[in-house]
Novice: 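Have a look at this one.
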Number of protein chains: 2
Amino acid sequence: MILQGEVLPGERLNELALSRRLDISRASLREAARGLEQTGLLEIIPNRGVLVRQVSMKDALDLYDLRAALFRAAARLAARRATPQCLLRLQQLNEQMRDAASAQRFADYYGRNLEFHTAIMAAGGNAPMARTYDQAVKGLHLFRRRSLLHPAQLDLSLREHEDLLAAISIHDAAAAGDVAERHIMLGRDRMLDTLEGGMPA
Amino acid sequence: MILQGEVLPGERLNELALSRRLDISRASLREAARGLEQTGLLEIIPNRGVLVRQVSMKDALDLYDLRAALFRAAARLAARRATPQCLLRLQQLNEQMRDAASAQRFADYYGRNLEFHTAIMAAGGNAPMARTYDQAVKGLHLFRRRSLLHPAQLDLSLREHEDLLAAISIHDAAAAGDVAERHIMLGRDRMLDTLEGGMPA
DNA sequence: ATGTAGAGAATTGCCGACAATCTGACGGTG
DNA sequence: CACCGTCAGATTGTCGGCAATTCTCTACAT
């Protein structure tokens, strides 16, 4: 519900109402909320209730830095550990993204993009790292409703993916790490550029 | 209780017994457990209960890689953002560690060492990153009861801290990141060396 | 018009109890 | 003797209710 925007950041969740709506008890709901608090999706203020986490601009930039660090590390590991079928899968995803981009199927593109990054993290073979990356991405989801990229930015992103894939394919850990880190930070810049048009705070 | 070893990794926690011992209801205990599960300290198996997380050798190595990535990123940020009082604090901690080491006060040394790393993470100014680092360190705590380092290893660690502090002091982000990452990975190697003596899988 | 105190309503914190599930032992059967 | 179904005990999953705190709206004073 949080990720799909059914409840908005900053919104306060009424335990009784929500438990009735989901047809579960308040106890079960509260247990789930305690878990979601630790993942960063919810904020719990004692005696005041649970709110959907507000992600400020500062928070978002921090999450980008975190993502960059994790993605770099995972890419380095992936360059050393990636299996042929791993590489094939990445290649497929990359082509699907290119197709989606040229066909203007943006929703599809975003899905594949997410899958591509997840596949890199998985290829790294470090579960805690992948898990943390996933949390950061989910947190970023809360920042602002998906800000669409311009086609030109999309092409740049695609190019970066190709470079990353190439570095991993030849098992060049250092290059893969550099490209991966830069990819996230450039993504951050693209997000900022896209926001330039109309937004305060 | 987990971090202090009052309950051991792999141990199953009886909800009723523990709630009675802590003089709280099972519901409150369960809420806390759901939060601790997300931090990686507990593992919850449906219908079977909550266990203290077992950290295998593979898990521990993964956590070291994660720590290294986070510490590198934070050190880079710290090199750009550290204030004079931040640096002073780090300097103090470093001296306290040297004193503790030469006086063989190992418990004190470990405490200061933890503080030093935490201070670096704080100096980075990235809360989600610092939080993740803390989780990784706690997870590593579960790996094995504190394996003491040899005095020679201790000296090496101290030297690395000095190098890191120097790089941060002159705001050399690249150098700080490199030293920081290497410091964690060398710490990993020292852990492995110390374990060499007597341990199977 | 603004601010403040108070009472009632709404909401969260906490608890004990019942239902569902799992564990382990017992005894029967091939 | 090994294997399997059954059953009692123990443990977790879920629930509704009460107490404590917070929120809100009204009435009143400045």
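Here is how names work: the chains are called A, B, and so on, in the same order as the sequence lines, proteins then strands, and each is numbered from 1. Reckoned from all heavy atoms, side chains included, excluding hydrogens, waters and symmetry mates.
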Novice: Please name all residues satisfying ring pair (Phe, Tyr, Trp, His ring centres under 6.0 Å) with B:Y109, sequence neighbours left out, ordered by chain then number.
Specialist: none
Novice: Mind checking ring pair (Phe, Tyr, Trp, His ring centres under 6.0 Å) for B:Y64 and listing every partner two or more places apart, or none if nothing turns up?
Specialist: none
Novice: Quick one: sort the B:F71 and B:H183 rings into parallel, tilted or perpendicular, breaks at 30° and 60°.
Specialist: tilted
Novice: Where does the chain A footprint on DNA chain D start and end, counting 5' to 3' with a 4.0 Å heavy-atom cut-off?
Specialist: D:dT14 to D:dC23
Novice: Can you sort out the partners of A:R112 under salt bridge (Lys or Arg N to Asp or Glu O under 4.0 Å), two or more places apart, ordered by chain and number?
Specialist: A:D108, A:E115
Novice: If we ignore angles and hydrogens, is there a donor and acceptor under 3.5 Å between the side chains of B:H150 and B:R190?
Specialist: no
Novice: Applying side-chain contact (heavy atoms from CB on, under 4.5 Å), name anything that partners B:Q104, two or more places apart in sequence or on another chain.
Specialist: B:F106
Novice: For a quick check, with a 4.0 angstrom heavy-atom cut-off, what is the B/S/- contact string for nucleotides 11-21 of chain C, read 5' to 3'?
Specialist: SBBSB-B---S
Novice: Looking at A:R72 and B:E181, is there a salt bridge between them, counting it only when a charged N and a carboxylate O are closer than 4.0 Å?
Specialist: yes
